[in-house]
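Heads up: the structure comes next, in structure tokens.
When a ligand or atom number is given, it counts from 1 through the structure's own listing order. These numbers come from the heavy atoms of this one structure, side chains and all, not from hydrogens, waters or symmetry mates.
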Amino acid sequence: MRRLIPVLKQDGVDTDLIMLVRTILAASKEIAFRVSQGELAGILGSTLNENIQGEVQKKLDVLANQLIKEMLLDDESVRAIASEEEEHVVAGHSTGRYIVAFDPLDGSSNIDVNGQIGTIFTVYPAREDVAYDSCQQFHQPGINQLCAGYILYGPSSLLVLSTGGPTRCYTLDLTHGGYLLTKAQMNVPRDSCEFAINMANYRHWSRVTQAYFDQVLYASERFRHSSVRWNAAMVGDVHRVLSRGGIFLYPEDARLGNETGKLRLLYEANPLSLLIEKAGGKATSSGRRTLEIMPKDLHQRVPVVLGSVGPVDDFNSAVFSA
Ligand code: FDP
């Protein structure tokens, strides 16, 4: 089996970027170890604080953020950092070539139930036309991403990564502590009848979204054998879609704070959209390609609909041409 670094070299990835990915993965190995220790590591449960999004911070959210942030700030190629757990941009090195955004711990509600959780990250080129520590560094569409990935802390720890080429999957080998290539090219099947959506939000959805799911559940022949799978961790649900097809949806809804969606464009929707596209799937937001949205805010939320081309097109044509 092949190790990560030779694969990245063979893919022609820039040496500085390879080193940066290694930095992120060093932090991920420490998080994977603590997660595997669970209660024994004293990392379960909540802190007394809320993050910038007004969500209760879990101990592991804080620990993961601290670990990744500190390791990234030691890397001279990093000009600025954005994190779900940081209100503002964190300044790095003024001459660094890259900016990095990350969600240190996705799927927080799964931490205390021994469920799937993950770290999502993305790397962009630093902008020369704005201050090195300005939030405008991150005002770049997702198509500019040089690299995107997630680490899924599940029964085994997996790294799913694209550096502009195919979406590849690596498994953390605990015997030597490195990531080994276990799937050279992930491919999202074109069609599938599996939906990942929090159906309990039905009452808050727009009328057209409700009407679409009325069809899926009660009338459509195409989706007669459909099923719903909801992990409550985007990394886990998107990993299932990447592995065997399906559609993941988190539409906007009427609840306060969710009017433009729940998931964050910069460090959730964009990296996962790149991985889906590089595996032959489709990633959209309000009917348009997510990767082309120009971000206006570091913590901007967007509706997310991604996965197999067939069901994504079906949803968008029903809801946006209605
Ligand atoms: P969480 O808030 O637990 O970190 O990032 C947001 C997210 O999880 C996604 O990972 C997940 O898909 C979604 O929110 C879960 O939302 P619900 O609470 O509506 O299930």
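Nearest non-hydrogen protein atom to atom 9 (C) of ligand 1 is Met234 N, 3.6 Å. What sits closest to atom 17 (P) of ligand 1 on the protein, heavy atoms only, is Asn198 ND2, 3.6 Å. Remark: minimum distance from atom 14 (O) of ligand 1 to any protein heavy atom is reached at Lys262 NZ, 2.9 Å. When hydrogens are left out, the protein atom nearest atom 1 (P) of ligand 1 is Ser108 N, 3.8 Å; that is the closest non-hydrogen contact. Summary of contacts: the protein heavy atom closest to atom 5 (O) of ligand 1 is Glu268 OE2, 2.5 Å. Distance from atom 19 (O) of ligand 1 to its nearest protein heavy atom, with residue and atom name: Tyr250 OH, 2.6 Å.
Looking at Tyr250, Phe213, Phe248 one by one, the single match for ring pair (Phe, Tyr, Trp, His ring centres under 6.0 Å) with Phe195 turns out to be Phe213.
The main-chain N or O of Tyr202 is found under 3.5 Å from a side-chain atom of Gln210 such that the two form a donor-acceptor pair.
Closest approach of Asp16 to Ser77, counting heavy atoms only: O-OG, 4.3 Å.
Between Arg207 and Asp214, at least one side-chain nitrogen of the basic residue sits less than 4.0 Å from a carboxylate oxygen of the acidic one, meeting the salt-bridge criterion. A salt bridge does not link Lys69 to Glu85: none of the charged side-chain nitrogens sits closer than 4.0 Å to a carboxylate oxygen. Remark: Arg222 engages Asp191 in a salt bridge, criterion side-chain N to carboxylate O under 4.0 Å.
Only the backbone of Ala233 comes within 4.0 Å of ligand 1, counting heavy atoms alone; no side-chain atom from C-beta on gets that close. No part of Asp237 comes within 4.0 Å of ligand 1, judged by heavy-atom distances.
Polar contact check, Asp106 against ligand 1: a nitrogen or oxygen pair lies under 3.5 Å apart. Among the atoms of Gly107, some N or O lies under 3.5 angstrom from an N or O of ligand 1.
Ligand 1 is never approached by Glu84 to a heavy-atom distance shorter than 4.0 Å.
In summary, the aromatic rings of Tyr212 and Trp205 are positioned with their centroids too far apart to meet the 6.0 Å limit.
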Please list, one pair per line, the donor and acceptor atoms closer than 3.5 Å that link side chains of residues 112-128 to other protein atoms, with sequence neighbours excluded.
from   : atom 1 : to     : atom 2 : distance (Å)
Asp112 : OD1    : Gly45  : N      : 2.9
Asp112 : OD2    : Lys58  : NZ     : 3.2
Gln116 : OE1    : Asn231 : ND2    : 2.9
Thr119 : OG1    : Pro104 : O      : 2.7
Thr119 : OG1    : Tyr153 : OH     : 2.8
Thr122 : OG1    : Gln145 : OE1    : 2.8
Tyr124 : OH     : Asn270 : ND2    : 3.4
Arg127 : NE     : Asp129 : OD1    : 3.0
Arg127 : NH1    : Gln136 : O      : 2.9
Arg127 : NH1    : His139 : O      : 3.3
Arg127 : NH2    : Asp129 : OD2    : 2.8
Glu128 : OE1    : Arg79  : NH1    : 3.3
Glu128 : OE2    : Arg79  : NH2    : 2.9

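Close approach of ligand 1 to Leu263 (heavy-atom distance below 4.0 Å) involves ligand atoms 5 (O), 6 (C), 9 (C).
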